[in-house]
Amino acid sequence: MTVALVDGNNFFVSCERVFNPRLENRPVVVLSNNDGCAIARSEEAKALGVAMGTPWFQMRDLARQHGIVALSSNYALYGDMSDRMMAILAGFAPEQEVYSIDECFLGLDGLAGSELADCGRRIRACVRQWIGIPVCVGIAATKTLAKLANHCAKKCLAGSAGVCDFTRLPAVELDRLLARLPVGAVWGIGPRLARQLGDLGLTTAAALRAADATVLSRRLSVQVGRIVCELNGIACLALEEVAAPQQQIIVSRSFGIPVQGLPELEEAVASYIARAAEKLRRENLRAGMLHVYARSSPHRQDATHYHGSLMLPLATPSADTLVLTRMALDMLRRIYRRGPVYQKAGVALLELSDAAASQASLLPAAPDNAALMQALDHVNARWGRGTLRSAAEGVRQPWQMKRARLTPGYTTAWDELLCVS
DNA sequence: CTATAACTCTCAA
DNA sequence: CTAACGTTGAGAGTTATAG
């Protein structure tokens with residue numbers, strides 16, 4: 001197997017820069033939902049010491065001092081730019097696995113020798129020219145090694161100019177390179193495993209590669225054993241061209257203001273259900289289980305912290321927003337307590353089944369309002385999400401998340417384009 | 001005892 | 001003036017429970 005990992009550089013920031021060139025060469029961060037913390041940073045922002053996940057209020061002084069531009073996340077924009085990028089990348093290989101919003105694996109089995117790095121350079125140039133997004137390319141014999149190669153390309157290690165090909169690297173060179181990478185830089189090694197491996201004296205990627213896969217399988221987990229094999233060029237992870245069927249649909253948000261009352265929570269939960277059910281119908285699925293929760297902020301560690309949660313099966317699987325809403329609101333009323341300051345609520349749809357291949361019920365058929373749901377989805381697709389909604393979702397929605405620094409929907413909304421100066 | 005369900009922990013982007 | 005810290009999804013491993 002020969003595989004490339006293509007990954008957008010500081011993807012969200014790069015998307016913003018495409019439409020606002022004044023952001024070039026400046027420190028820029030994109031904030032998480034609710035303008036909470038930094039989830040993407042330009043190189044300039046990283047150089048100022050802004051760590052991934054830094055809460056916005058904690059870096060405000062630094063931002064003032066250095067003119068850091070902070071933007072609310074604009075997922076409509078990033079999703080659309082991602083679609084364009086993935087379509088371009090699909091043209092470079094017969095097989096593509098879209099792994100996340102900003103990266104994909106490409107199967108390059110037909111190519112060999114210098115063709116691989118050449119292909120990587122063409123990919124980079126093409127994506128940059130066609131949609132303005134800078135990407136880095138890592139090429140290797142397994143997905144885990146390709147991730148590491150990409151990491152090296154991003155860090156400009158081994159003389160890579162945005163493209164790093166491990167397949168032509170002599171074994172000694174590769175070892176020297178991996179010896180400089182901490183074990184936590186390996187795909188699948190998180191903070192906990194890094195600590196456990198460190199206890200065993202394995203602190204670098206090179207050390208992990210040289211370790212005994214069988215022993216680590218037993219001592220730690222089968223995952224680690226697989227990673228060791230992958231680091232040695234033995235592919236354990238296949239390229240997954242078709243995504244496995246979804247197992248759960250989650251919609252959750254932090255509130256823009258502190259919430260104490262049941263009415264606000266009800267509006268929020270009804271809105272999240274509407275969104276989740278919309279996703280459910282788009283995938284032609286139905287939910288057999290419903291999970292609802294509401295909680296206060298875990299960051300304030302006083303005794304008043306509360307997390308209410310309830311998970312219940314549906315009598316019959318459903319994709320009906322109204323059925324799911326009624327049930328979710330019933331569940332919410334059961335977990336609601338007066339007193340706590342709620343900071344977040346969420347819903348999850350579980351036990352998803354194919355709506356087409358449904359199990360017949362012995363019980364009387366539940367109403368599923370299929371025609372109504374279809375009309376609802378049509379109206380909202382044409383006129384925008386939330387145009388047609390249940391009264392339970394509320395009108396003013398004061399609890400909505402903060403997005404004070406949101407940029408226009410440059411690629412998805414004509415009327416917002418008119419605002420661009 | 002085994003098989004499965006339920007739950008927790010970890011990881012990723 | 002003060003307080004303010006994301007979301008979604010998957011998989012593995014452990015514990016509880018049923019038969």
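So that the names make sense, note that chain A is the first sequence line, chain B the second, and so on, each numbered from 1. The structure presented is a predicted model; accordingly, all values stated were derived computationally and were not measured.
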Practice problem: Starting at atom CG of A:D7, determine the distance to atom P of B:dA12, rounded to an integer number of angstrom. | Solution: 14 Å

Quiz item: What nucleic acid atoms does A:K402 come within less than 4.0 Å of, heavy atoms only: base, sugar-phosphate, or nothing?
Solution: nothing

Practice problem: Identify whether the distance between the nearest side-chain nitrogen and carboxylate oxygen of A:E44 and A:R17 falls below 4.0 Å. | Solution: yes

Quiz item: Say you pick atom P in C:dC5 and the same atom in B:dA12; how far apart are they, in whole Å?
Solution: 25 Å

Self-check item: Euclidean distance, atom CD of residue A:E283 to atom C1' of C:dG9 [Å, nearest integer]
Solution: 13 Å

Quiz prompt | Under 3.5 Å side-chain donor-acceptor pair for A:D80 and A:T412 | solution = no

Quiz prompt | Strand DNA chain C as a dot-bracket string - pairs counted if Watson-Crick or G-U with both distances under 3.5 Å, | where the partner lies in another strand | solution = ......|||||||||||||

Practice problem: For A:Q129, look at atom CD and say whether over 12 heavy atoms of other residues, nucleotides or ligands are found less than 6.0 Å away. | Solution: no

Quiz item: With a cut-off of 6.0 Å (strictly less than), are more than 12 heavy atoms of other residues, nucleotides or ligands near NE2 of A:H307?
Solution: yes

Quiz item: Within the structure, does a side-chain N or O atom of A:K344 lie under 4.0 Å from either OP1 or OP2 of C:dT7?
Solution: yes

Quiz item: With a 4.0 Å cut-off on heavy atoms, is A:I189 in touch with a base, just the backbone sugar-phosphate, or nothing at all?
Solution: sugar-phosphate

Quiz item: Taking atom P of B:dC9 as reference, at what distance in whole Å does atom CD of A:Q196 sit?
Solution: 14 Å

Quiz item: Is any side-chain heavy atom of A:M85 closer than 4.5 Å to a side-chain heavy atom of A:V135?
Solution: yes

Quiz item: Taking the inter-plane angle between the rings of A:Y75 and A:Y78 on a 0 to 90° scale, is it parallel (under 30°), tilted (30 to 60°) or perpendicular (over 60°)?
Solution: perpendicular

Practice problem: Select one nucleotide: of C:dC5, B:dT10, B:dA13, the one nearest the side-chain heavy atoms of A:S297. | Solution: C:dC5

Quiz prompt | Contact residues, residues 215-226 of chain A to DNA chain C [heavy atom, < 4.0 Å] | solution = A:S221, A:V222, A:Q223, A:R226

Quiz item: Going through the distances and angles, do A:R282 and A:D377 end up as a salt bridge (Lys or Arg N to Asp or Glu O under 4.0 Å)?
Solution: CA-CA 9 Å; A:R282 200 179 51 208; A:D377 290 338; over 6 Å; no

Exercise. Calculate the interatomic distance between A:Y99 atom OH and C:dA10 atom P; express it in whole Å.
Key: 12 Å

Exercise. In whole angstrom, give the distance that lies between atom CG of A:L349 and atom C1' of C:dT8.
Key: 13 Å

Exercise. Send over the distance from A:L352 CG to C:dT8 P, rounded to a whole Å.
Key: 15 Å

Quiz item: Can A:K147 and A:E103 be said to form a salt bridge (Lys or Arg N to Asp or Glu O under 4.0 Å), step by step?
Solution: CA-CA 10 Å; A:K147 285 285 268 184; A:E103 63 188 296; 2.7 Å; yes

Quiz item: Any side-chain N or O of A:Q343 under 4.0 Å from OP1/OP2 of C:dG6?
Solution: yes

Quiz item: Is the number of heavy atoms from other residues, nucleotides or ligands under 6.0 Å of A:R334 CZ greater than 12?
Solution: no

Quiz item: Would the number of heavy atoms belonging to other residues, nucleotides or ligands and lying under 6.0 Å from CZ of A:R121 be above 12?
Solution: yes

Quiz prompt | Near-strand residues of residues 242-260 of chain A, defined as heavy-atom separation under 4.0 angstrom from DNA chain C | solution = A:Q246, A:Q247, A:Q248, A:I249, A:I250, A:V251, A:S252, A:R253, A:S254

Quiz prompt | Rounded distance in Å - CG (A:L237) to C1' (C:dA10) | solution = 13 Å

Self-check item: side-chain hydrogen bond (donor to acceptor under 3.5 Å, both in side chains) partner of A:N10, chosen from A:R41, A:K154, A:E16, A:K46
Solution: A:K46

Exercise. Tell me what A:V186 touches on the nucleic acid: a base, only sugar-phosphate, or nothing, going by heavy atoms under 4.0 Å.
Key: sugar-phosphate

Quiz item: So among A:R281, A:E393, A:R326, A:E278, which one has a side-chain hydrogen bond (donor to acceptor under 3.5 Å, both in side chains) with A:T321?
Solution: A:R281

Quiz item: Base, sugar-phosphate, or nothing: which does A:D35 touch, judged by heavy atoms less than 4.0 Å apart?
Solution: nothing

Exercise. Please work out if A:W187 contacts a base, only the sugar-phosphate, or nothing of the nucleic acid, heavy-atom cut-off 4.0 Å.
Key: sugar-phosphate

Quiz item: Does A:K279 have a side-chain nitrogen or oxygen under 4.0 Å from the phosphate oxygens OP1 or OP2 of C:dT7?
Solution: no

Quiz item: Given A:Y342, which of A:F255, A:W399, A:Y336 fulfils the ring-ring contact (aromatic ring centres under 6.0 Å, His included) condition?
Solution: A:Y336

Practice problem: Provide, to the nearest angstrom, the distance between the CD atom belonging to A:Q58 and the C1' atom belonging to C:dA3. | Solution: 12 Å

Quiz prompt | Along DNA chain C (nearest heavy atom to each residue), the more 5'-positioned of A:F57 and A:M401 | solution = A:F57

